[in-house]
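Hydrogens, waters and symmetry mates play no part in the numbers below; they use all other heavy atoms, side chains included. Every chain is numbered from 1 and lettered A, B, ... according to where its sequence line falls, protein lines coming before strand lines.
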Amino acid sequence: MSISGAPQSESLATPDDFPAQYDPAATEAAIYERWEQAGCFTADASRSRRIGGDRDPYGILMPPPNVTAILHVGHGLNNTVQDVLVRWARMKGLETLWLPGTDHAGIATQNVVEKQLAAEGLTRDDLGREKFVERTKAFVAETGGVILQQLRAIGASADWTRTAYTFSPELSGAVREAFVRLYERGLIYRGHRVIHWCPRCLTSLSDEEAEPKETAGTLYHISYPVADDPTRSITVATTRPETMLGDVAVAVNPSDERYMALVGKHVVLPLLNLRIPVIADDYADPAFGTGVVKITPAHDANDFEVGRRHSLPTPVVIDEHGVMGEVEDASGRVPDPIRGLDRFDARQLIVARLEDSGRLVKKEPHTHNVRHCYRCDTVVEPRLSDQWFVRMQTLAHPALEGVRQGRIRILPEKWVGVYEHWMTNIRDWNISRQLWWGHRVPVWYCQTCEPPNNVMASREDLTVCPHCGSPVVQDDDVLDTWFSSWLWPMSTLGWPRDNSTDLRAFYPTDVLVTAPEILFFWVARMIMAGYAFMGDAPFHSVYLHGTARDTQNRKMSKSLGNGIDPLDVVQRYGADALRYTLIAGMGLGADVMLDPADLDKSFATGRNFATKLWNIGRFLLMNVGGDSVRRFEDVAPSELARADAWILERLDDAIRKCDRAIGPLRPARGVWLEEERVAGLRLNEYAERARQFVWNEVADWYLEAIKTRLLTPGADQQVARAVLVHVFDQALRLLHPIVPFVSEALWQRLPAHVDGTFLATSSWPAPRPSTVADARASQFELIKDIIDAMRRIRSEYAIPPGKMIEAFVVATPDWRQILDEEFSLISRLARTALAFVEWAPAGPAANVVLAGGTELIVPLTGLIDVTKECDRLKTELGSLEKQLAALEARLDNPGFTARAPAHVVEAERIKREEWRTRRGVLRTRYEGLCGKA
RNA sequence: GGGCGAAUAGCUCAGCUGGUUAGAGCGCCUGUCUUACACACAGGAUGUCGGGGGUUCGAAUCCCUCUUCGCCCACCA
């Protein structure tokens, strides 16, 4: 079905153009195109109040997916959450910017292109740096950003006119500016130390990029004979025997009495027959292994520190590829059969040799953490090298305070502790990568000048030295991808241009939505950059959502093959079904469980809901059609029927609850107060209340209640139509952020729709000002109760659905009149005729006591077996007695009446009276029917 | 090793500051093609709220402890 084209006069639905099954495939793409063409998602910076406009701004920055990525369910989840918030804010009347973009993803993209080259039998070295970068650029230009197109299919209402890219000229300028500023502040330095190195990607990695994985390894105990006294030896324990070729000492704890006498003496390094000293250092833990630790400064970060403290040499025996060799200061340390071996093969050989020479004392299984490259999973090798580092401690301080003082909140709150712990123990960030794909380190070296003039960080490319005029060369390294990502909230808005309109209009933004995995990689660093460069946090809320998992609780991933393709879901059930299912199934921070093997079941919730919504629209249009409808605003309160009053009250309640679930737009006073700090962002609660309203209140009750009125021409018909259209319009608004497509499709067909207007840019509903409770609304509750009660009784006694029965009502005159007026409604929905009596007739009967003491009596003569009814009454009476006894005991308890809040006690008293009445009724019936108990 | 979190219906989970008879979706059972919807309607069943102890008039909710899972951090070679 196409929503465009058809003039209003023809919008009266026929079964042909309005099938019972909603067909998202025929609807969604066209709607999205119209939104985009109409500029619904384009933010107008000039309207931001911050630069003199008429609206409060609202901003969300899309976590940029890798430029080579294709959409997976994690993206779907992440972007759906953002889209719900953004659409909500937009409807709330804020000038809303959702800024999309991609990340050039240094290692990841380089790996992809290298794989392509490998398929052609080439390496990056065959091409050379320049050509390789050209090729990668071409690859990105050709295939990159597919994911942004895919995001449109799930309805993402991002401002595509502002799409950013971390490697664009603008953002590259920001990267360089940030680097130079930090360099000038002395916060970036060149460090010579042991860092994480990936021997496959041939680059260094930050601590965060080297992921620890628990591994079952072996702890080898090796005996090192004491020099000059071959009868004695000490035993060291290591998991990496191959590094012993680089040993320069063994360390014991200075307080360890076992080895005190040996400190200052030497031991002989097996295999090499090298004399190395025994040193005392606190690093050695007497309780671990043998208490002796071998020191290999070039191949272990801790050993490096020990070596530095004791001025030890740093022989390098493993090269950049993870192959054994005398790389640096290691002359004679790598004997022939070992040289040229891969590190793991070398381990085997060395262990074998130690075994042969009797030096291997013991092998014991040992599980420990081994770090792996986060991009290619290769075991990371600690490597001594020169890298660029950012001093983090000064940057961390304001970012830590920002969270502690409530400028920023992190939800769910359990992550606050994790954040604080990381921030207080923060270590310097290795930002240089030995890659070709990325922002080149903006540092130039002059061969002629003396330090410190020979090293220059510059905003502009340099060719000659500004000091001496000789040619300069640029640093070969590129920057960590995250060094551009951490500037995202600023760089995408135009930083460092101070006069950037977007920056002034939208910084700081509002909510950052992402997965907890990148809390340190990205979120914490963005906060630090925000304070460092803008003097303020980049957002006030961090929403960390869960992960999509399969039925075995495994994270969905490409490598496990247990993923769900969101586009597949969109194609089968529609984007709305995908979105609704994800939102409804996701508590704050909780994981979403989906079954990749049974999409039908996984997405039934969303699909069914979209269909239900569709059918309500279908009902409305079949009844109201193209006829003119009275404006709801023109309907006087006195014209409203009880059902109208009731549904309007439910609508107000739904709006309030949805608003409360989504929460405050931002902190009321700029800083989160204790009571609002955890408020909102409960999107599942919002979805649930909205669903309840539409399904359980509008569809199940209101629609059923007004069917007769809609079919009966007259003034009341017009009232019913007006209320129905109004209520459904409001419901569509309420649901639009979650199910944008079907809601828009239906909204466009509402009788009063003005051509060219969109639900996406219409206003969010507001509850009516709360007034005194409408008595007629609560009267409708009683009618509902009666119908419910009748349905239960009918079902319990297996009365055939078609059979009309009669019930007697004992009620006060007020209620009697109300029920009399609603007779046809009750009789239609409960298939029961009501007769009014002063007291219950004799004979077997079912009865129910309702609000206001109204008693409903259904004679069962001819319908049931008396013995059975006696049993049933007895059981019911029994359980009532029990519950009543407990209730009475509670009310007799002086502690309860004294300490419980008054309204609780009052409620209990009322309940006691109701139950006592009910007990009396049941007893009378029982005695009348079955004799004395 | 340190820190944090979770355990509620067959499954996935709500249940916020302790207070009517603990809820939803999916699944299951019974009935129904009731003129919007069988992707529906009406009704129904199922819970010692992980075990134990404590605080309280009152505990799924607060405290302690145990068990089992999960997450984060950490240089124990």
* Using whole Å, report how far CG of A/D303 lies from C1' of B/C76. => 11 Å
* Report yes if at least one side-chain N or O of A/H221 is closer than 4.0 Å to OP1 or OP2 of B/A77; otherwise report no. => no
* Asked: What integer number of Å spans the P atoms of B/G23 and B/A45?
  -> 12 Å
* **Identity of whatever pairs with B/U55 - Watson-Crick or G-U, under 3.5 angstrom** => none
* To do: Look at all strands and tell whether A/A237 reaches a base, only sugar-phosphate, or nothing, counting heavy atoms closer than 4.0 Å.
  => base
* Asked: Does the B/A36 base have a donor-acceptor partner in the side chain of A/E704 within less than 3.5 Å?
  -> yes
* Side chain of A/R607 - closest among B/G43, B/C75, B/C39 -> B/C39
* Asked: When all nucleic acid strands are considered with a 4.0 Å heavy-atom cut-off, which category describes A/N893: base, sugar-phosphate, or nothing?
  -> sugar-phosphate
* B/G15, B/C76, B/C57: which one has an atom nearest the side-chain heavy atoms of A/E685? -> B/G15
* Asked: In the strands shown, is B/G31 matched to any nucleotide by a Watson-Crick or G-U wobble pair with both distances under 3.5 Å, and which?
  -> B/C41
* Taking any strand in view, what nucleotide pairs with B/G70 in a Watson-Crick or G-U wobble way, both distances under 3.5 Å? -> B/C4
* Structure fact -> Closest to the side chain of A/W915, out of B/C37, B/A24, B/U21, is B/U21
* To do: Looking only at side-chain atoms of A/N615, point me to the closest of B/C75, B/A77, B/C37.
  => B/C37
* To do: Write down the distance separating the C1' atoms in B/A22 and B/A14, rounded off to the nearest Å.
  => 11 Å
* Asked: So do the side chains of A/N696 and A/R691 get within less than 4.5 Å of each other, counting heavy atoms only?
  -> yes
* Report the distance from atom CG of A/L825 to atom P of B/U34, rounded to the nearest whole Å. => 20 Å
* Asked: When you compare B/C16 with B/C62, how far apart are their C1' atoms, in angstrom units rounded to a whole number?
  -> 14 Å
* Can you find a pair of side-chain heavy atoms, one from A/T514 and one from A/L544, that are under 4.5 Å apart? -> yes
* Can you tell me how far C1' of B/U34 sits from CZ of A/R794, to the nearest Å? -> 12 Å
* To do: Sticking with atom P, work out how far B/C11 lies from B/C57, rounded to a whole angstrom.
  => 37 Å
* Structure fact -> Separation of B/U12 atom C1' from A/I583 atom CD1, nearest Å, is 16 Å
* Asked: With both distances under 3.5 angstrom, what nucleotide forms a Watson-Crick or G-U wobble pair with B/C13?
  -> B/G23
* Rounded to the Å, how far apart are A/E211 CD and B/C71 C1'? -> 14 Å
* To do: For B/G15 and B/G3, measure between their C1' atoms and round to the nearest Å.
  => 27 Å
* To do: Provide, to the nearest angstrom, the distance between the CZ atom belonging to A/R689 and the C1' atom belonging to B/G23.
  => 14 Å
* Could you check which of B/U56, B/A36, B/A77 has an atom nearest any side-chain atom of A/K707? => B/A36
* To do: Quick one: look up who B/C76 pairs with, Watson-Crick or G-U, both distances under 3.5 Å, and put none if it's unpaired.
  => none
* What does A/D892 touch in the nucleic acid at a heavy-atom separation under 4.0 angstrom: a base, only the sugar-phosphate, or nothing? -> nothing
* What is the nucleic acid contact for A/T605, judged by heavy atoms within less than 4.0 Å: base, sugar-phosphate only, or nothing? -> sugar-phosphate
* Please work out if A/L594 contacts a base, only the sugar-phosphate, or nothing of the nucleic acid, heavy-atom cut-off 4.0 Å. => nothing
* Looking across every strand, which nucleic acid part, if any, lies under 4.0 Å from A/R791 by heavy atom: base, sugar-phosphate, or nothing? -> sugar-phosphate
* **Proximal nucleotide (of B/C73, B/C75, B/A40) relative to the A/R371 side chain** => B/C75
* Asked: Nearest to the side chain of A/R427, which nucleotide is it out of B/C39, B/A74, B/A77?
  -> B/A74
* Base, sugar-phosphate, or nothing for A/H299, non-hydrogen atoms under 4.0 angstrom? -> nothing
* Structure fact -> Per nearest nucleotide of RNA chain B, the residue lying toward the 5' end, A/K601 or A/V236, is A/K601
* Between the side-chain atoms of A/K612 and the base atoms of B/C37, is any donor-acceptor pair under 3.5 Å? -> yes
* Assign A/N369 to base, sugar-phosphate, or nothing according to its heavy-atom contacts below 4.0 angstrom with the strands shown. => base
* Does OP1 or OP2 of B/C41 have a side-chain N or O of A/W695 closer than 4.0 Å? -> yes
* Mapping A/F520 and A/A699 to their closest nucleotides on RNA chain B, which lands nearer the 5' end? -> A/A699
* To do: Please measure how far the C1' atom in B/G47 lies from the corresponding atom in B/U21, and state the result in whole Å.
  => 14 Å
* **B/U21 OP1/OP2 closer than 4.0 Å to side-chain N/O of A/R890** => yes
* With a 4.0 Å cut-off on heavy atoms, is A/A610 in touch with a base, just the backbone sugar-phosphate, or nothing at all? -> nothing
* To do: Using atom CG of A/D788 as one end and atom C1' of B/C41 as the other, report the distance to the nearest whole Å.
  => 14 Å
* **Rounded distance in Å between the P positions of B/U17 and B/A7** => 13 Å
* **Out of B/C57, B/C76, B/C39, whichever nucleotide has its closest atom nearest the side chain of A/N608** => B/C39
* Between atom CD in A/E888 and atom C1' in B/U21, what is the gap in whole Å? -> 16 Å
* Using a heavy-atom cut-off of under 4.0 Å over every strand shown, decide if A/A900 touches base, sugar-phosphate, or nothing. => base
* Geometric class of the A/F521/A/Y374 ring pair [parallel <30°, tilted 30-60°, perpendicular >60°] -> parallel
* Structure fact -> Smallest heavy-atom separation, A/I222 atom then A/V361 atom, equals C-CG2, 4.4 Å
* To do: Identify the two heavy atoms, one from A/N623 and one from A/R721, that lie closest to each other, and give their separation to 0.1 Å.
  => O-NH2, 3.3 Å
* Assess whether side-chain contact (heavy atoms from CB on, under 4.5 Å) is satisfied between A/R308 and A/F304, documenting all intermediate values. => CA-CA 6 Å; A/R308 191 138 72 174; A/F304 180 76; 3.9 Å; yes
* Asked: Counting side-chain heavy atoms from CB outward, which of B/U12, B/A74, B/C72 is closest to A/W415?
  -> B/C72
* Asked: Considering only heavy atoms from C-beta outward, does the side chain of A/L746 approach that of A/F728 to under 4.5 Å?
  -> yes
* To do: With P as the reference atom in both, quote the distance from B/C41 to B/G5 in angstrom, rounded to an integer.
  => 41 Å
* Remember a base hit wins even if backbone is also touched, and classify A/G291 as base, sugar-phosphate or nothing at under 4.0 Å, heavy atoms. => base
* To do: Just compare B/A77, B/A40, B/A36 and give me whichever is closest to any side-chain atom of A/I616.
  => B/A36
* Just wondering, do A/R579 and A/V739 contact through their side chains at under 4.5 Å, heavy atoms? -> no
* Asked: Under 4.5 Å between any side-chain heavy atoms of A/D282 and A/N253, yes or no?
  -> yes
* Asked: Within a reach of under 6.0 Å around CD of A/E881, are more than 12 heavy atoms found that belong to other residues, nucleotides or ligands?
  -> yes
